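For ligands, and for the atoms within them, numbers begin at 1 and follow the listed sequence. Everything numeric in this text was worked out from a predicted model, so none of it was measured. Here, residue 1 is the first one in the sequence, and each next residue gets the next number.
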Amino acid sequence: MTTADVVVVGGGCMGASTAFHLVQRGAGRVVLVERRTAGSGPTARSSGIVRLHYSYEPLVQLAARSREMFSNFEQITGATADFRRVGFLLLASHDHLPALEANVALQQSLGLKTSILSPEDVWLLDRRLELADVGGAAFEPDSGYADGYATVAGFIGAGRRLGLQVWENAPALRIVVESGGRVRGVETSRGLIETPAVVVAAGPWTPSLLEPLGLRIPITSTRQQVVQLALPPGFGGLEMVCGDLIQGFYVRPETGGTVLAGVLAHDQEEIVPPDEFNQGVDFNFVETVGGMWAWRFPGAAEARVRRGFASLYDVTPDWQPILGPVDGLDELFVAAGFSGHGFKLSPALGETLAAMLLRERSTIDLGAFRLSRFAAGQMIRGRYAQAILG
Ligand SMILES: Cc1cc2nc3c(=O)[nH]c(=O)nc-3n(C[C@H](O)[C@H](O)[C@H](O)COP(=O)(O)OP(=O)(O)OC[C@H]3O[C@@H](n4cnc5c(N)ncnc54)[C@H](O)[C@@H]3O)c2cc1C
């Protein structure tokens, strides 16, 4: 039998960041258990977009602190997260402008660099864009994208140098709780780890792990597709991340003169079992997203499909994560349900959760993200129909 001061379940970006920050803050013996290999889940498939544009202040704060950490990732971990500061442009129709302006005003009130652009300003940024349907845009010059797997590897590597124990191929089978509701350990495929504190960051697998404790975690797994397009010769590269509220898709630069594109929301999410879903891309999806790309960048309408894949979002009813302690179960913490936008929040969330576990002060209040908000009817609502934008 092993003992630990804290066990973190799940080696995606959230578990890796939390485990790193725990050892960095001197939390004692910390063990991260991962059922496969660290970073092999949805984190590795993330489009990795890092932006600040949210409607809700704690999310803006988390995104801003995370972006600062992505920018300084080498100093923090000694490794690269491959953060590319190419800028983030969010295109909006006239109808979207009030929400867009309110969000930009919120970010500006927090001292963050972002602005509203007119269609003419957008044209000066990239003259290849079709702007007939655009009423305006938000632009964040310091945002961009980073790499999911590299981020996990950076946190895990730095954590191990500080004493973090990482157990790969060691699924947590159950969280052991005493009759009084106090956490006693984690039973894994490699035996019991006795611990007084557990963080469950198991993404789409979180509900099944916690169900035996009588907890109903409202997370569904949905299949999400991404397509990689090779741009035609002579078009040049895409120079920034572009979100398109009007058509409902996003696109970001990828290596080798290609781009990655996905949708901002489906009319109907495709709910799937997390261990059994089609990891390929559907031709209908390729056609739909290819059509959106071709409309927005008519000079690159001849882009060729290079490849595509599907992974999972762990979606909650309000598309916001479940964070913090679970009522009635002492020292059991959850960090899951990131609903397709958790990567950009993970550095700061790991830091904030570590502070919470160690009873240290944190400037970011996670109270609104508690599990009990669903039963209490206190869901978090953003300003857009696409809840993924927060
Ligand atoms: C296609 C796609 C595009 C995305 N694009 C963006 C984006 O542009 N920007 C952004 O911010 N976010 C994006 N996201 C979302 C973001 O990637 C996720 O929110 C984030 O990676 C979630 O990290 P996580 O650590 O919570 O979960 P996961 O990556 O799901 O990790 C959970 C880990 O827990 C492990 N696990 C599960 N059960 C157990 C168990 N019983 N015992 C031990 N280990 C267990 C799993 O193997 C897995 O490694 C995207 C996601 C997808 C799928």
Colleague: Within a distance under 4.0 Å of any heavy atom of V226, pick out the atoms of ligand 1 and give their elements.
Modeller: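 Listed by number with element, the hits are 1 (C).
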Colleague: Answer with side chain, backbone, both or neither: which part of A201 has a heavy atom less than 4.0 angstrom from an atom of ligand 1?
Modeller: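 Backbone only.
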Colleague: Looking at S311, which atoms of ligand 1 are within less than 4.0 Å of one of its heavy atoms?
Modeller: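 Atoms satisfying the 4.0 Å criterion: 53 (C).
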Colleague: May I ask you to list the atoms of ligand 1 that are less than 4.0 angstrom from any heavy atom of G342?
Modeller: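 Those of ligand 1 that fall under 4.0 Å from G342 are 11 (O), 12 (N), 15 (C), 16 (C), 19 (O).
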Colleague: Is there a donor-acceptor contact under 3.5 Å linking the side chains of R85 and S71?
Modeller: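 Note: R85 and S71 side chains miss the donor-acceptor criterion.
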Colleague: Looking at Y313, which atoms of ligand 1 are within less than 4.0 Å of one of its heavy atoms?
Modeller: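 With Y313 as reference, the close atoms of ligand 1 come out as 2 (C), 50 (C), 51 (C), 52 (C), 53 (C).
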Colleague: Could you tell me whether ligand 1 has any atom less than 4.0 Å away from a heavy atom of G262?
Modeller: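 No.
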Colleague: Does an N or O from F338, backbone or side chain, lie closer than 3.5 Å to an N or O of ligand 1?
Modeller: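 Between F338 and ligand 1 (N or O atoms, distance only) the closest approach is not under 3.5 Å.
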Colleague: Within ligand 1, which atoms have a heavy atom of V9 less than 4.0 Å away?
Modeller: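 Those qualifying, in numeric order: 40 (C), 42 (N), 43 (C).
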Colleague: Any atoms of ligand 1 less than 4.0 Å from a non-hydrogen atom of K344? List them with their elements.
Modeller: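 Counting atoms of ligand 1 from 1, those under 4.0 Å from K344 are 9 (N), 10 (C), 11 (O).
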Colleague: Within the structure, is a non-hydrogen atom of G340 found at a distance of less than 4.0 Å from ligand 1?
Modeller: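 Within the 4.0 Å threshold, so yes.
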Colleague: Backbone or side chain, does any N or O of A335 fall under 3.5 Å from an N or O of ligand 1?
Modeller: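 Not met; the criterion fails.
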Colleague: Any donor-acceptor pair under 3.5 Å linking the side-chain atoms of Q279 with those of R223?
Modeller: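 Looking only at side-chain atoms, Q279 and R223 do not form any donor-acceptor pair under 3.5 Å.
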Colleague: Scan side-chain atoms only and decide if T80 and D82 contain a donor-acceptor pair under the 3.5 Å cut-off.
Modeller: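 The criterion, which ignores hydrogens and geometry beyond distance, is not satisfied for D82 and T80.
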Colleague: Under a heavy-atom criterion of less than 4.0 Å, does G148 contact ligand 1?
Modeller: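 Per 4.0 Å heavy-atom rule, G148 does not contact ligand 1.
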Colleague: Give a yes or no on whether the backbone of V9 and the side-chain of E34 come within a donor-acceptor separation of less than 3.5 Å.
Modeller: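 No; judged by distance alone, with no hydrogens or angles, the pair does not exist.
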Colleague: Applying a 4.0 Å heavy-atom criterion (strictly less than), which segment of Y145 is in contact with ligand 1: side chain, backbone, both, or neither?
Modeller: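 None of Y145 does.
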Colleague: Checking the N or O distance criterion of under 3.5 Å, is ligand 1 in contact with L312?
Modeller: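 So ligand 1 has no N or O lying under 3.5 Å from an N or O of L312.
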